[in-house]
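As the structure lists them, so they are numbered: ligands from 1, and atoms in each ligand from 1. Heavy atoms only: backbone and side chains are in, while hydrogens, waters and symmetry mates are out.
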Amino acid sequence: MDKFIVKGPCKIKGEISISGSKNAALPILASTILFEKEVTIKNLPRVKDIDTMINLLKSLGSIIRFSKNKKIVKITKKKKQSFFASYSLVRTMRAGILVLGALLTKHQKSIISLPGGCLIGARPVNYHLNALKKLGMKYDIKKGYIHASTKGKLNGTKIRFSKISVGATENTIIASCLANGITILRNCAIEPEIIDLINFLKSGGAKIKFIGKRTLKIEGIKSLESTSYSVMSDRIETGTFCVAACLTGGNLKINNFDPKIIKTELSLLKKIGAKIKVAKKQIYISGPKKIKNLTNLVTREYPNFPTDLQAQFMVLLCKASGKSSITESIFENRFMHVAELRRLGAEILIKKNKAFISGDTNFKAAELMSSDLRASVALVLAAIVATGSSTINRIYHLDRGYENIENKLRKVGVNIRRIN
Ligand code: EPZ
């Protein structure tokens with residue numbers, strides 16, 4: 001298993017380009033099942049989860065042709081479609097559940113593995129199943145598989161999500177595109193990745209529009225047209241690099257990312273003392289000499305502070321002067337990085353879903369274990385400012401969602417190398 005060796009401390013400075021967003025590309029790829037004709041998807045990040053989704057689509061009957069740099073795919077379909085999404089694929093990449101809505105609305109049938117939980121939580125899919133049931137899905141669960149079907153096409157209806165869910169919103173939007181009649185979805189998640197999915201589907205002729213802040217109206221159509229679409233840049237990668245610049249008192253020019261998308265995160269970084277200038281698709285950020293603390297940072301649904309940056313901000317607040325706290329309100333177990341940060345010298349107290357962080361930490365290098373995707377990148381950030389040489393094990397977690405991260409970090413001054 002690959003590991004990283006990181007020698008700290010160092011100052012990050014220079015320029016980076018942000019890759020395509022994994023969490024935008026995954027639902028977009030799943031929804032290509034809806035299309036009869038060829039679809040081209042551009043700006044794909046070269047990360048493990050995308051490979052897994054591509055393999056899942058191939059197993060369902062999609063024909064995939066990659067460009068040389070593997071950032072562009074052209075997708076067409078075999079005559080014979082399969083409806084079986086295996087445990088081996090869905091277990092390693094939970095977003096596989098997003099093909100359920102697409103298979104149902106296109107082929108009226110799907111046998112798909114329940115995704116199962118992961119380290120950050122149980123990750124149930126009840127909101128997905130409840131919403132698809134309202135559209136007409138019949139299902140039962142046998143040996144860990146959802147056996148789903150519909151008599152004829154799905155039927156548009158009014159649905160209100162009892163809790164805001166990114167995946168359930170995506171699955172239901174996809175399913176509603178080819179349903180009979182009109183579907184109204186209330187209490188939708190509105191993450192930028194969902195807007196990207198909507199823009200992609202509309203580029204193929206889907207009839208989707210917001211009729212309220214979190215309310216969508218979707219008019220089912222017969223079929224979607226061939227289209228070509230470029231996936232948005234990754235806001236979590238952007239936030240991660242902004243934190244890296246602040247953490248090391250360095251400065252970064254971040255290219256090809258629309259700063260309007262991360263207004264909340266940028267205002268928080270200004271609060272801790274960062275100097276930030278923005279242009280249309282650029283962010284210039286320089287970290288403060290002294291990092292100010294943040295009392296009671298809370299993770300919430302977009303447009304609030306995102307759970308996917310919680311671990312990264314925790315490392316930053318370990319270096320702040322004074323005490324800070326972070327409340328994780330989205331996932332029930334997303335503090336896996338805390339034990340590892342303590343091994344680097346952090347003083348963090350956990351009470352239920354709240355972390356109390358004493359600042360002014362002098363991180364000292366150590367051997368570390370990655371757990372989930374975002375916790376792993378937080379360990380890399382901490383190792384960058386720790387004194388000495390740290391080893392970070394099981395970096396396959398990182399490879400799931402960060403493209404070429406060691407080369408990008410090396411380019412801006414980090415002493416990092418991968419060993420197999
Ligand atoms: C998406 O996961 C992202 N994954 C996650 O990013 C992200 O952390 C999360 O949204 C929140 O922003 C992808 O986009 C592939 P949810 P998702 O449905 O859709 C509970 C990363 O690091 N819930 O909004 O699974 C759920 O357990 C990943 O890139 C139910 O109870 O998130 C969680 O506590 C990690 N029942 C909360 O709701 C359901 O049916 C929010 O989950 C669905 C969700």
Identify the protein heavy atom lying closest to [atom], giving its residue, its atom name and the separation to 0.1 Å.
atom	result
atom 35 (C) of ligand 1	Arg334 NH2, 3.7 Å
atom 18 (O) of ligand 1	Ser165 OG, 2.7 Å
atom 26 (C) of ligand 1	Phe331 CE2, 4.1 Å
atom 24 (O) of ligand 1	Val166 N, 2.8 Å
atom 36 (N) of ligand 1	Asn126 OD1, 2.7 Å
atom 31 (O) of ligand 1	Pro124 CG, 3.3 Å
atom 4 (N) of ligand 1	Asn23 ND2, 3.8 Å
atom 40 (O) of ligand 1	Tyr127 N, 2.8 Å

Using 30° and 60° as the class boundaries, would you call the ring planes of Tyr145 and Phe84 parallel, tilted or perpendicular? parallel
Closer than 4.0 angstrom: is that true for some heavy atom of Lys22 and an atom of ligand 1? yes
Gly401 to ligand 1, any heavy atom closer than 4.0 Å: no
With nothing but distance in play, are any N or O atoms of [X] less than 3.5 Å from an N or O of ligand 1?
X	value
Arg374	yes
Ala95	no
Gly167	yes
Thr307	no
Ile164	no

Looking at [Y] and [X], is any side-chain nitrogen of the basic one under 4.0 Å from a carboxylate oxygen of the acidic one?
X	Y	value
Asp258	Lys263	no
Asp308	Arg235	no
Glu237	Lys22	no
Asp49	Arg400	yes
Lys77	Glu38	no
Glu403	Lys71	yes
Glu328	Lys354	no

Those atoms of ligand 1 less than 4.0 Å from some heavy atom in Leu373: 22 (O), 29 (O)
Ligand 1 atoms in contact with Ile330 (distance to a heavy atom under 4.0 Å): 33 (C), 34 (O), 37 (C), 41 (C)
Nearest non-hydrogen atom to atom 2 (O) of ligand 1 belongs to which of His128, Arg400, Arg123, Met93? Arg123
The one among His397, Lys163, Glu332 that brings a heavy atom closest to atom 38 (O) of ligand 1: Lys163
With Ile182 via side chain to side chain contact (heavy atoms under 4.5 Å, CB included) - residues at least two apart: Ile184, Lys217, Glu219
I'd like to know whether the aromatic ring centres of Phe35 and Phe200 sit less than 6.0 Å apart in this structure. yes
Would you check if the distance from the ring center of Tyr127 to the ring center of Phe161 is below 6.0 Å? no
Region of Met53 that comes within reach of ligand 1 [heavy atoms, distance under 4.0 Å]: neither
Within reach of ligand 1, part of Asp308 (heavy-atom separation under 4.0 Å): side chain
Could you check whether atom NZ of Lys153 has more than 12 heavy atoms from other residues, nucleotides or ligands sitting under 6.0 Å from it? yes
Is a side-chain donor-acceptor pair under 3.5 Å present for Ser19 with Lys408? yes
